[in-house]
Amino acid sequence: MSFLGKITGQIQQHADNLTKVVNKHKDLPLIREGINRTLAEVRGTWNPNHRHDDPDEIEKDKIRAAINASHRFESFANIRQRNTVKWYIDGHDYFWAVAEILEAAKECIFILDWWLTPELYLKRPPADYQEYRLDRLLKRKAEQGVKVYVIVYKEVTQTMNMSSHHTKNALQELHPNIIVLRHPDHIGTDSSVQFWSHHEKVIVVDNHRACIGGLDACFGRWDTQSHPLADVHPTDFSRTLFPGQDWNNARVQDFQQVDNYVSNTISILDTPRMPWHDVHMSFVGDAVLDVVQHFVERWNEIKTRKYANDSKYDWLAFPHDVNAAPGEPIQRHPHRETFHEVGRKFRNRWHEMKDDWDGDDNNDRREEDDNDENRYGGSHTTRPGTCTVQVCRSVSDWSHGVLTERSIQNAYLQLIREANHYIYIENQFFISSTNDKSPVKNQIARALVDRILIAAKEGKKFKVIVVIPEVPGFSGDIQQENGIKTIMAAQWRTINRGGSSIYEEIRNAGYEPLDYIRFYHLRSYDRINAPASFIKQMEQNSGVSFHEAQVALARCWIGDDGFWHQKTVKIKAPAWEKPDQANLGTTEKSAVEEIAEVNFPPSTQAAYDIVKQFESGAPRGDEDVSDSIAQHLLEDVTDLRDERWLGTEQEEKDCFVTELLYIHSKLMIVDDRRVIMGSANINDRSQKGDGDSEIALVVEDTDMIETTMDGRPYMAGRFAATLRRKLYREHLGLIPPQYCVTGEEPVTSFMRAAPYPNDDETNLREDWMVRDPISDDLMTLWTNTARTNREMFQQVFKTVPTDTVRNWEQYKNFVPKVKTGHIASDLPLPQIKDKLARIRGALVEAPINFLIEQKELIDNADWRGLNPSLPIFI
């Protein structure tokens, strides 16, 4: 017997002995479960390939591999024609569409999310849309008979604060028709996962409409295109947009105890929120079936591993009708027949399953057919779509029970190589490699370098614009927080440092990289309507502190239909007697101080009374004072210098704040014709396939519009071109402010769900200004705006990062001694307003030479493969 055989035999013998112990102690379920988990972990550790090593499994893997090999990008899904796809910019519009989609559900809702907050308000202000809190909407649909299936990432609780346990409990307590799965388990299974997460953000309703993009249905994501940093409304708390923990600044303090809606609330009187920029899509067409396939595969895989014998958790069937559509790749799927036999089935409106679906009888179905047009977008639902769509993904054995698929990275690489004129990228991260010697393995950076060098050698104009966050969205100081330093170092090694970065590779070939590729961030400012003397007088007159009213308001949002287990709420704010760590925010690990402890009101009515009592203490109205002035970054009809104030000049100066505008998009637009958008970041976690699970759409629109490219006539795809133009207009301040003051604002086309089309804005003056993505005029406008904005923020707030800080000693001397995000200039207020009034949009140059003299950041043991935890960050 071989050595391996002996070891295998010994492990099996120990497993048999443990099994005997399990059987002997059937009356001790906890012991039995613990031993079973130990056995599972031993098996998985010894044979990580245990789901793919017997002949039947090998044959199924071959079938799946053959299907993938027959498709572009080696994706599980083929190219689909005639889909209707619409884009959303920022959460205000997208979440309104989600409410519309969910409200239309008649049979089933599938949700796959990294983090899902049951208490998220889809429409706002919350005071005007109480019924559109996510949990209440899902409960309403479940009571109507809709089956709701939810999969959420099961976080590592020692390091993350999403509380998927709360998500599962809160939703499943609402109604039996709501079922929630959490995955993966991190210990005690045959596929324990420590580093990776389920990262998709997917919603599907009735196998008919789907949503894919970067926005999780959770705290911190809802935002308007004005991106306010302030949400203080002293005389009318009902105008609050960000209730409870939804008001957050992750650069200051991460979410805490999210099962307690208002726990660890940051003081909104002192600290700006971190605004959130993101993109998402909804779509109608048979590409929805590929998203459903992805969800069903995931659901059944998790059920197999965790709940195979638990009838509470349904098996699901694929909705595809292979008789009506015999060419479907799903026909060869190795599990299709099994899923069809045991799984719950829901109607497929794209293939029209005739008799084999769960639900109403034929008469009810005919009646429903008559109502479909109204439920799914009126007359727009009868129009054929114009978009070619392909679903791509990153999945592997741990996440999906399949061999590794990295079709998202394949799509990025091919789209870059095939680009003719320009590439626009927005992403939460930018971590890649130009060679195979780096710890970073994805080759997106290599593809960009190769494409740029082709253009350079041919003497052709080619532009790449990359927009990423100024700082990773984690709390703390760059110098003190290793995670922040590691991610920023990884991005610098990708961009311009370390010997094989994009800029270095282009320069080594004899060309100037700035002629071809540039990097940018987003940043905003605002004014908090909280003059200290006014707030203090209200507190004295009413006998209620501002923070008591703040907590009472959150109690109003909770309502009396939930559960609560907290008697007091602690309000916190950054400690600021010392330097505030380079205006980047302090960390809850060291420099956050408790400023108030507030009793939690026992009922909604009691909370309402507290809020009204505080509001009654106002010595005067403040209707003429703006609660946010972020609209002045956009095309507002008023001027920042005309804004009124009801406190002293020093109080007003103390209330101006700035914060990075966090970019969470996962987007690339090529030549105004092709788009890839989804959940995947540009890093190894998302791109390598066997890390985080991801999903994305590649969209090409056959509806072409006349435009120009570098001044020459050009035909662009409507979907790609209008999305890119609207993003440019937002970043350059060429859109009107997006107000959300009452529930009476008009519902625009951009807030509606597909197939309802977006209004055509291609004839607007502002749209013409940005229509040619590589024209000299637009490039000048773009670069000058970014440079001026950076200079103004630097002069008023001394923001960091900055190119003027090249080492830690300069960093130490540069940091302003002010509250987090507050003014760091001695200039008088009128001059400060003059400078801020020059800021247009949120676009700022990326200071890529920040800390460039600290060579140890990009050349240390981490990058020589000596840090086993490095994959967490890259």
Side-chain angles (χ1 to χ4, degrees), residues 91 95 111-122 126 133-139 148-175 178-189 193-203 215-222 242-250 252-266 274 276 302 306 473-475 551 554-555 557-559 561-572 587-589 592 600 664 679 692-693 872:
F95 286 119
I111 301 175
L112 177 58
D113 221 334
W114 179 75
W115 179 18
L116 186 149
T117 301
E119 300 86 2
L120 176 72
Y121 281 92
L122 302 175
R133 204 172 77 177
L134 179 57
D135 54 354
R136 292 170 183 160
L137 178 52
L138 292 178
K139 180 183 179 182
V148 180
Y149 300 90
V150 180
I151 303 173
V152 292
Y153 165 56
K154 185 178 181 181
E155 76 282 10
V156 179
T157 56
Q158 291 85 349
T159 60
M160 308 178 85
N161 302 308
M162 294 100 73
S163 189
S164 61
H165 182 265
H166 166 67
T167 299
K168 180 171 184 173
N169 287 349
L171 291 181
Q172 289 196 160
E173 288 179 1
L174 297 174
H175 196 278
I178 301 177
I179 308 173
V180 182
L181 297 181
R182 300 192 299 153
H183 186 260
D185 291 336
H186 302 289
I187 58 173
T189 74
V193 177
Q194 303 301 325
F195 289 169
W196 315 126
S197 67
H198 289 304
H199 199 239
E200 301 99 321
K201 303 92 170 61
V202 174
I203 296 174
L215 282 159
D216 299 279
C218 67
F219 288 148
R221 274 47 172 178
W222 190 96
F242 305 95
Q245 290 211 46
D246 207 8
W247 193 95
N248 177 261
N249 187 328
V252 173
Q253 183 183 41
D254 199 2
F255 295 95
Q256 302 289 315
Q257 295 179 277
V258 295
D259 56 325
N260 290 343
Y261 192 49
V262 293
S263 63
N264 292 292
T265 302
I266 298 174
M274 186 181 77
W276 197 273
I302 297 173
K306 299 182 67 172
F474 307 109
S475 62
V551 170
R555 180 66 181 86
W557 302 148
I558 291 169
D561 55 352
F563 61 92
W564 192 258
H565 48 273
Q566 187 171 355
K567 294 182 179 179
T568 61
V569 175
K570 296 178 180 179
I571 309 294
K572 295 184 177 181
T587 167
E588 69 267 20
K589 299 174 184 176
V592 173
F600 189 71
H664 194 255
S679 65
D692 293 347
S693 62
I872 296 175

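For the pair D185 and K154, the tightest heavy-atom approach, listed with the atom from each and the gap, is OD1-NZ, 2.7 Å. Summarising the geometry of A250 relative to G473, their closest heavy-atom pair is CB-O, 3.7 Å, with the distance given to 0.1 Å. Residues V180 and K168 share a closest heavy-atom pair of O-CE, 3.3 Å. Of all heavy-atom pairs spanning K306 and R182, the tightest one is NZ-O, 2.8 Å. Of all the heavy atoms in I302 and H183, the pair that sits closest is CD1-CB, 3.5 Å. Residues S679 and H199 approach most closely at O-ND1, 2.9 Å, considering heavy atoms.
Atom CG of L134 sits about 4.5 Å away from atom CG of L138, to the nearest 0.5 Å. Separating the CD1 atom in I178 from the OH atom in Y149 is a distance of 12.0 Å, to the nearest 0.5 Å. Rounded to the nearest 0.5 Å, atoms CH2 (W557) and CZ (R133) are 11.0 Å apart. Atom-to-atom distance recorded for S163:OG and W115:CH2 is 9.5 Å, nearest 0.5 angstrom. A distance of 8.5 Å separates CG in L215 from CH2 in W276, rounded to the nearest 0.5 Å. Atoms OG1 and NE2, on T117 and H166 in that order, are 7.5 Å from each other to the nearest 0.5 Å.
Side chain to side chain, S197 and E155 fail the donor-acceptor criterion of an N or O pair below 3.5 Å.
Not one N or O on the side chain of D216 forms a donor-acceptor pair closer than 3.5 Å with the backbone of C218. Side-chain atoms of H198 do not come within 3.5 Å of backbone N or O of D113 as any donor-acceptor pair.
Here the rule is ring pair (Phe, Tyr, Trp, His ring centres under 6.0 Å) with W222, and of F242, W247, Y121 only F242 fits it.
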